[in-house]
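Report on one structure; see the data block that follows.
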Amino acid sequence: MKAKTTRILITGAHGQLGQALLANLPWLPEFSPSRLRMEIPEASLVPGSAVKPRSAIAPGSAIEIVALGHQQLDLTSADLPERLSEINADVIINCAAYNAVDAAEQDMAAAMALNAEAPERLAIWCRQQGAWLIHISSDYVFGNVFGNVFGNDLGSVFGNVSGNAAANMLGNAPRALTESDVCEPLSLYGQSKLAGEQRLLKANPGALVLRTSWLYSRFGSNFVLTMGRLLTERPELKVVADQVGTPTWAEALARLIWQLLIWFHLKPEKSAVLSGCFHYAAMGQCSWYLFTKEIAEQIAKPQCNSVPSSQAAVPLQTASPSQAALQSQATLHSPANPAPITPGCRITPVSTAEYGALLNRAQAPRPAYSALDSSALKDAMAAMPSAFRCYLPKDYPSPIWLSWQTQLALMLSGLGASSLG
């Protein structure tokens, strides 16, 4: 089979998903790994990234990757179309976003510039040049679709139970949200993300929007790394229990995207593999409280007592629903050798209102329920010809369609540290 060259541009390469994409480069059975060419400026690599630039080993390489952060490619700049033409990518994966949820309430212009206007400009360029655009969106585009899911009294929902009993009570939660559910974002951040989806798909119906939720990974700062640190430092954590969604491992999302890109690369005629809006999240749902409890149980078994509350009363900067507390520059001890959790550490559930009072500052509103149903995307990918699928090492299970608990275990166990190549 004669190799074809597909040039892929990753924007927002310094973020969680950008780093996860670079750390999970696929192994193609049709091409020797040595034929993979990457065009990644040294300056765009995040310190500690597992990826290093490789020079082109063979002319006409199979895949070329250009991974750029904000400093290398400002999506809000006036000369964006010219810069894109210089790169001349066949596929653009837009991981760049304005994620400061609370700050957006005071700076809507900045949020709109990066979350709405930039995706529209990318979409227009891709349509004109015949390139495929994959854009990442958020569960924050939803409001309280099902009203106040748990009512005003957390005690009536959780009582004084913990562990599996509290988890089982989520069985009364609504069904996961589908792509056809009405979007009524509660925050200005959510409005900017929804505007980006709408403007992008209007400008380029062949583009693909992937909505995801509660992303975490071994990269950067995120809820899992932050809680892993705080569990070793504090005698008590107060965590929101009246917001429910689906924690999603960024490296699982990265592998899903690579499968789509391989399909695109191997198609006889390069064209969009999927278009429109699809959801991707891990399987299942939980509250931030139950998520924290699971983190505690997995990284330092049974040393942490737990009591349910609505939202974690941890004085951290707020962030998107998929990245609460991401503003904290926290790091977790090595998953293979975690620090011991503080003996008697208590995880207490609090309500969103109680959490806001503890912060003593204004917060942007968050959806009470934003678990995403990924079945439409799973069905669409099931139709993918087997010859086009991404092959993983036999000793590494594909994490894409696993439960959120299993994805978390893979990340914390260190299995996620291996790339696909």
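For reference, positions follow the sequence shown, starting with 1. Quick caveat, the model's predicted, so the values are computed rather than measured.
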Side-chain donor/acceptor of Asn222 to backbone N/O of Leu225, under 3.5 Å: yes

Ring centers of Tyr98, Tyr189 separated by less than 6.0 Å: no

Nearest-0.5 Å distance, CD1 of residue Ile124 to CG of residue Asn204: 9.0 Å

Side-chain donor-acceptor pair present, Asp373, Thr178, cut-off under 3.5 Å: no

side-chain contact (heavy atoms from CB on, under 4.5 Å) between Glu297 and Lys293, worked out: CA-CA 6 Å; Glu297 291 175 350; Lys293 186 172 182 299; 2.3 Å; yes

Check: Trp258 ring centre within less than 6.0 Å of Phe264 ring centre: no

Side-chain donor-acceptor contact under 3.5 Å, Trp401 with Ser374: no

From Cys95 atom SG to His135 atom NE2, the distance as rounded to the nearest 0.5 Å: 10.0 Å

Electrostatic pair Glu179:Arg211 at N-O distance under 4.0 angstrom: no

Asn115 side-chain N/O to Ser192 backbone N/O, donor-acceptor pair under 3.5 Å: no

Side-chain donor or acceptor of Thr248 paired with backbone N/O of Thr246 under 3.5 Å: yes

side-chain contact (heavy atoms from CB on, under 4.5 Å) between Leu22 and Ile10, intermediate numbers included: CA-CA 9 Å; Leu22 295 176; Ile10 301 174; 4.0 Å; yes

Thr232 backbone acceptor or donor facing Arg234 side chain under 3.5 Å: no

For Ser187 against Pro365, the heavy-atom pair lying closest together: CB-O, 3.6 Å

Spacing of Thr6 atom OG1 and Asp90 atom CG [to the nearest 0.5 Å]: 5.5 Å

Validation row: Gln298, Leu408 side chains within 4.5 angstrom (heavy atoms): yes

Asp242 side chain near Tyr289 side chain, heavy-atom distance below 4.5 Å: no

Contact summary for Leu201 and Gly276, nearest pair of heavy atoms: CD2-CA, 4.0 Å

Heavy atoms from other residues, nucleotides or ligands near CD of Gln71 exceed 12 (cutoff 6.0 Å): no

Non-hydrogen side-chain atoms of Val244 and Ser370 separated by less than 4.5 Å: no

Pair Ile257-Ile136, side-chain contact (heavy atoms from CB on, under 4.5 Å): steps then yes or no: CA-CA 10 Å; Ile257 292 172; Ile136 308 303; 4.1 Å; yes

Arg229/Glu233 ion pair, N-O < 4.0 Å: yes

Gln129, CD: over 12 other non-hydrogen atoms inside 6.0 angstrom: yes

Short side-chain donor-acceptor distance under 3.5 Å, Asn94 and Thr11: yes

From CA spacing to verdict: ring pair (Phe, Tyr, Trp, His ring centres under 6.0 Å), Trp214, Trp288: CA-CA 10 Å; Trp214 296 23; Trp288 291 111; 3.6 Å; yes

Least distance between heavy atoms, Ala380 atom then Leu274 atom: CB-CD2, 3.8 Å

Side-chain touch Leu372/Gln285, heavy atoms, less than 4.5 angstrom: no

For Leu290 against Trp404, the heavy-atom pair lying closest together: O-CH2, 4.2 Å

CG on Asp107 to CE on Met112, rounded to 0.5 Å: 12.0 Å

Ion pair Arg121/Glu117, N-O distance below 4.0 Å: no

Separation of Cys126 SG from Leu84 CG (nearest 0.5 Å): 7.5 Å

Glu197 side chain to Ser137 backbone, donor-acceptor under 3.5 Å: no

Heavy-atom side-chain proximity of Lys378 to Tyr280 below 4.5 angstrom: no

Heavy-atom side-chain proximity of Trp132 to Leu261 below 4.5 angstrom: yes

For Leu194 against Pro185, the heavy-atom pair lying closest together: CD2-CD, 3.7 Å

Verdict with supporting geometry, Gln407 and Tyr216, side-chain contact (heavy atoms from CB on, under 4.5 Å): CA-CA 10 Å; Gln407 286 190 359; Tyr216 66 88; 3.6 Å; yes

Non-hydrogen side-chain atoms of Leu73 and Arg83 separated by less than 4.5 Å: yes

Modelled atom types, side-chain donor and acceptor of Ser217 and Gln16, under 3.5 Å: yes

Distance, nearest 0.5 Å, that separates CG of Leu256 from CD1 of Ile400: 4.5 Å

Sub-4.5 Å side-chain heavy-atom contact between Arg255 and Pro399: yes

Salt-bridge contact Arg175-Asp181 (side-chain N to carboxylate O under 4.0 Å): yes

Ala123 versus Ala203, closest heavy-atom pair with distance: CB-CB, 4.1 Å

Phe142/His279 aromatic ring centres below 6.0 Å: yes

Donor-acceptor under 3.5 Å (Asn24 side chain, Ala20 main chain): yes

Check ion pair Arg218-Glu251 (N to O, under 4.0 angstrom): yes

